[in-house]
Colleague: 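Right, I'll just put the structure down here and ask away after.
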Amino acid sequence: MIEVKNLVKRYGNHAAVNDLSFTVETGKVVGFLGPNGAGKSTTMNMITGYIAPTEGEVLIDGIDIMDEPELAKKNIGYLPEIPPLYPDLKVREYLSFVAELKKVSKKDRDIEVHKIMSKTKTLDVSERLIKHLSKGYKQRVGLAGAMMGNPDILILDEPTVGLDPSQIIEMRELIRELSKNHTVLLSSHIMQEISAVCDEIIIINEGKMITKDTPENITKKMVDTNGVHVVVKGDKTKLKEALRTISGIKNVSYDNDKDTEEDTTGLTIYCAEDEDIRVDLFYALAKAECPLIEMNKLDTSLEDAFLALTRGGSKQYGGRKLKKLKSEKKDKAETEGELQNENENQNSEKNADISGELDVSETEKNSSDMEGGEK
């Protein structure tokens, strides 16, 4: 378990981390998110004991990392964004060296190295020099080093960087497997990765905590309205009659006919905040003989929620809702477009003026030349 209490890190007058507190429970995979400069790497460096906090404390399985660093670090496996590898060593040599540093007993060392290489799929490159490996393989060797000694806590900074799609899936499965016996704190900029692997997400910005919740709850809280979007085949009159039989519908918005297939109708149905009309809607449409082609609950992606939270947040967190943020982005784009058009018009007028002046000058010059010729 990781406990971070009122953590502060200052560099001069700048607070990179400002009164940050959170807990990562044993057996959980927790995503650690934030924009560049939010304080993620600084926080991870303090959790691992690499740098000292200005204020606050970090407890690793109840042990203060500043008071008893050696004992606390024994429980941590850390994979930084750029793995600290020795390029002139072979993979097996490097992992044996890491095992020795982590005080794995000599009689168990070879077995431990082989077992971890098998888990991280590095057995096939075990006798190759690290400097000749691809970036993906170097990442996996770095993870193997972090896992060495079977630490209780794994802190992984961008563990899937450089991996191809099949390797990313394998890494996800490995992280899920590790979570059965380890606590995992995972930093990544790939939202799909976080959604697929993490039980909870911590989002920080400007060194402060914004939220800590499940991916589902974070996205749910960022949606302004509740409802579904459906595509239905059949007579529109029958469809409207079917909708009148369903309680809880607040409003209906029909799609443009150009955006739907022939003989189908697309519509968005809005309902009360805690209302779920999907089952009733299905039966009502079936009874009206209007086949349901598609049904999607109104939702937002984790990426949209992240952007909204780190640029102001939802009302849940004392900021703006996602819908408002999107509207502001649209207004901004329109304003920029208007300014661009205005600048283009001004430039056109300016070019026209210059062109006119050049034409006048050329005419005057020609006229002068003619007079000179007559004389």
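Worth knowing before you read on, the calculation uses all heavy atoms, side chains too, and leaves out hydrogens, waters and symmetry mates.
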Colleague: Between Gln139 and Pro159, what is the shortest heavy-atom contact and its length?
Modeller: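 What the structure gives for the nearest pair is CG-O, 3.2 Å.
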Colleague: With a 4.5 Å limit on heavy-atom distance, are the side chains of Arg172 and Thr160 in contact?
Modeller: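 The answer is no, as the side chains (C-beta and beyond) never meet within the 4.5 Å cut-off.
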Colleague: Return the minimal non-hydrogen interatomic distance between Lys119 and Met147, and the atom names on each side.
Modeller: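 Closest approach of Lys119 to Met147, heavy atoms only: CD-CE, 3.9 Å.
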Colleague: Would you mind telling me which of Lys5, Lys9, Arg10 makes a salt bridge (Lys or Arg N to Asp or Glu O under 4.0 Å) with Glu55?
Modeller: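 Considering Lys5, Lys9, Arg10, a salt bridge (Lys or Arg N to Asp or Glu O under 4.0 Å) with Glu55 is found only for Arg10.
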Colleague: Going from OG1 on Thr42 to CD1 on Ile47, what distance comes out if it is rounded to the nearest 0.5 angstrom?
Modeller: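 One gets 11.0 Å once the value is rounded to the nearest 0.5 Å.
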Colleague: I'd like to know whether the aromatic ring centres of Tyr50 and Tyr78 sit less than 6.0 Å apart in this structure.
Modeller: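 No, ring centres 6.0 Å or more apart.
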Colleague: Indicate yes or no: does Glu112 engage Lys115 in a salt bridge with an N to O separation below 4.0 Å.
Modeller: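 A salt bridge is present here (some side-chain N lies under 4.0 Å from a carboxylate O).
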Colleague: Nearest 0.5 angstrom please: Lys90 NZ to Ser126 OG, how far?
Modeller: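 Reported value, rounded in 0.5 Å steps: 9.0 Å.
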Colleague: Can you see which heavy atom on Ile210 is nearest to which on Leu309, and at what distance?
Modeller: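 Of all heavy-atom pairs spanning Ile210 and Leu309, the closest is CD1-O, 3.8 Å.
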Colleague: Which pair of non-hydrogen atoms, one from Leu143 and one from Met171, has the smallest distance, and what is that distance?
Modeller: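 Leu143 and Met171 have their closest heavy atoms at CD2-SD, 3.3 Å.
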Colleague: Under 4.5 Å between any side-chain heavy atoms of Leu267 and Leu243, yes or no?
Modeller: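 Yes, their side chains come closer than 4.5 Å.
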Colleague: Is the closest side-chain heavy-atom distance between Ile65 and Ile76 below 4.5 Å?
Modeller: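 A side-chain contact exists here, since the closest heavy-atom pair is under 4.5 Å.
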Colleague: How about His189 and Phe306: do any of their side-chain heavy atoms sit closer than 4.5 Å?
Modeller: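 Side chain of His189 against side chain of Phe306, heavy atoms only: no contact under 4.5 Å found.
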Colleague: Between Lys102 (side chain only) and Gly145 (backbone N and O only), is there a donor and an acceptor less than 3.5 Å apart?
Modeller: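 Yes: the side chain of Lys102 pairs with the backbone of Gly145.
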Colleague: For atom CD of Glu206, is the number of surrounding heavy atoms from other residues, nucleotides or ligands below 6.0 Å larger than 12?
Modeller: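 Counting neighbours around CD of Glu206, 12 or fewer heavy atoms of other residues, nucleotides or ligands fall under 6.0 Å, so no.
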Colleague: Quick one: sort the Tyr94 and Tyr86 rings into parallel, tilted or perpendicular, breaks at 30° and 60°.
Modeller: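 Ring orientation of Tyr94 relative to Tyr86: tilted.
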Colleague: Are the side chain of Ser96 and the backbone of Arg92 linked by a donor-acceptor contact shorter than 3.5 Å?
Modeller: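 Yes.
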Colleague: Looking at Lys40 and Glu81, does any basic side-chain N land under 4.0 Å from a carboxylate oxygen?
Modeller: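 Salt bridge flag = no for Glu81 with Lys40.
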Colleague: Do other residues, nucleotides or ligands put more than 12 heavy atoms under 6.0 Å from Glu70 CD?
Modeller: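 Result for CD/Glu70: open.
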Colleague: In the structure I gave you, are the side-chain heavy atoms of Ile202 and Met209 within less than 4.5 Å of one another anywhere?
Modeller: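 Contact flag for Ile202/Met209 side chains = yes.
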Colleague: With a 6.0 Å cut-off (strictly less than), is the heavy-atom count around CD of Glu303, excluding the residue itself, greater than 12?
Modeller: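 No.
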Colleague: Atom NZ of residue position Lys287 - does it have more than 12 heavy atoms of other residues, nucleotides or ligands inside 6.0 Å?
Modeller: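 Check fails, neighbour count at 12 or below.
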Colleague: Determine, stepwise, if the pair His182 / Val29 fulfils side-chain contact (heavy atoms from CB on, under 4.5 Å).
Modeller: CA-CA 9 Å; His182 302 268; Val29 181; over 6 Å; no
Colleague: Begin from the C-alpha positions of Ile204 and Phe32 and carry the test side-chain contact (heavy atoms from CB on, under 4.5 Å) through to its verdict.
Modeller: CA-CA 8 Å; Ile204 68 169; Phe32 196 47; 3.8 Å; yes
Colleague: If you round to the nearest 0.5 Å, how far is CG of Asn296 from NE2 of His229?
Modeller: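 One finds 8.0 Å between NE2 of His229 and CG of Asn296.
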Colleague: Rounded to the nearest 0.5 Å, what separates atom NZ in Lys135 from atom NZ in Lys138?
Modeller: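 With rounding to 0.5 Å, NZ (Lys135) is 9.5 Å from NZ (Lys138).
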Colleague: Heavy atoms, side chains only, cut-off 4.5 Å: are Leu101 and Met148 in contact?
Modeller: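 They are not in contact (no side-chain heavy atoms under 4.5 Å apart), so the answer is no.
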Colleague: Under a single-linkage definition using a 4.5 Å side-chain heavy-atom cutoff for Ile, Leu, Val, Met, Phe, Trp and Tyr, are Leu79 and Met46 assigned to the same hydrophobic cluster?
Modeller: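 Result: no, two separate clusters.
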Colleague: Can you tell me if CD on Glu294 sees more than 12 non-hydrogen neighbours from other groups inside 6.0 Å?
Modeller: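 Yes, CD of Glu294 has more than 12 neighbouring heavy atoms, counting only those of other groups under 6.0 Å.
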Colleague: When rounded to the nearest 0.5 angstrom, what distance separates CG in Leu156 from CG in Leu178?
Modeller: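 If we round to the nearest 0.5 Å, Leu156:CG and Leu178:CG are 8.0 Å apart.
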Colleague: Which heavy atom of Ala99 sits nearest to which heavy atom of Arg109, and what is that distance?
Modeller: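 That closest heavy-atom pairing would be CB-CG, 3.6 Å.
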Colleague: Flag yes if more than 12 heavy atoms outside Lys208 fall under 6.0 Å of its NZ atom; otherwise flag no.
Modeller: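 Result for NZ/Lys208: open.
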Colleague: Is it true that a side-chain atom of Asn75 and a backbone atom of Asp152 form a donor plus acceptor pair closer than 3.5 Å?
Modeller: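 Pair absent, no side-chain N/O of Asn75 close to backbone of Asp152.
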Colleague: List the steps and the verdict of salt bridge (charged side-chain N to carboxylate O under 4.0 Å, His left out) for Asp88 and Lys131.
Modeller: CA-CA 6 Å; Asp88 292 320; Lys131 67 182 176 183; 3.2 Å; yes
Colleague: Please confirm whether the backbone N or O of Thr183 pairs with a side-chain atom of Thr26, one donor and one acceptor, at under 3.5 Å?
Modeller: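 Judged by distance alone, no pair lies under 3.5 Å.
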Colleague: Does Thr219 use its side chain to pair, donor to acceptor, with the backbone of Pro215 at less than 3.5 Å?
Modeller: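 The answer is yes, because a donor-acceptor pair under 3.5 Å joins these two groups.
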Colleague: Does one hydrophobic cluster hold both Leu186 and Val24, with members joined at side-chain heavy-atom distances below 4.5 Å?
Modeller: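 Cluster IDs for Leu186 and Val24 differ.
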Colleague: Same cluster or not: Ile155 versus Met1, using hydrophobic residues (I, L, V, M, F, W, Y) connected whenever any side-chain heavy atoms lie under 4.5 Å apart?
Modeller: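 No, Ile155 and Met1 fall in different hydrophobic clusters.
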Colleague: Is the number of heavy atoms from other residues, nucleotides or ligands within 6.0 Å of CG (Leu71) greater than 12?
Modeller: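 Yes, enclosed.
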Colleague: Hydrophobic cluster membership, with links at side-chain heavy-atom distances under 4.5 Å among I/L/V/M/F/W/Y: are Leu174 and Val113 in one?
Modeller: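 They do share one cluster, since a chain of ILVMFWY contacts under 4.5 Å joins Leu174 to Val113.
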Colleague: Measure from the side-chain N and O atoms of Asp157 to the backbone N and O of Ser41, and report whether any donor-acceptor pair falls under 3.5 Å.
Modeller: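 Checked: no pair found.
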Colleague: Which pair of non-hydrogen atoms, one from Arg278 and one from Val228, has the smallest distance, and what is that distance?
Modeller: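 The answer is CG-CG1, 3.6 Å.
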Colleague: Evaluate the side-chain proximity of Glu200 to Glu25: yes if any heavy-atom separation is below 4.5 Å, no if none is.
Modeller: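 Counting from C-beta outward, Glu25 and Glu200 never come under 4.5 Å.
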Colleague: Tell me whether the count of non-hydrogen atoms from other residues, nucleotides or ligands lying under 6.0 Å of NZ in Lys74 goes above 12.
Modeller: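 No - once you tally the heavy atoms of other residues, nucleotides and ligands closer than 6.0 Å, there are 12 at most.
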Colleague: Would you please test Ile130 and Val91 for side-chain contact (heavy atoms from CB on, under 4.5 Å) and show each step?
Modeller: CA-CA 6 Å; Ile130 290 173; Val91 172; 4.2 Å; yes
Colleague: Between Leu33 and Val197, is there shared hydrophobic-cluster membership here, with clusters defined by ILVMFWY side-chain heavy atoms closer than 4.5 Å?
Modeller: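 Same cluster.
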Colleague: To the nearest 0.5 Å, how far apart are CD in Gln167 and OG1 in Thr120?
Modeller: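 Rounded to the nearest 0.5 Å, the CD-OG1 separation comes out at 11.5 Å.
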Colleague: Test side-chain contact (heavy atoms from CB on, under 4.5 Å) on Arg128 and Tyr137; report intermediate values, then the result.
Modeller: CA-CA 11 Å; Arg128 288 177 60 183; Tyr137 268 115; 5.5 Å; no
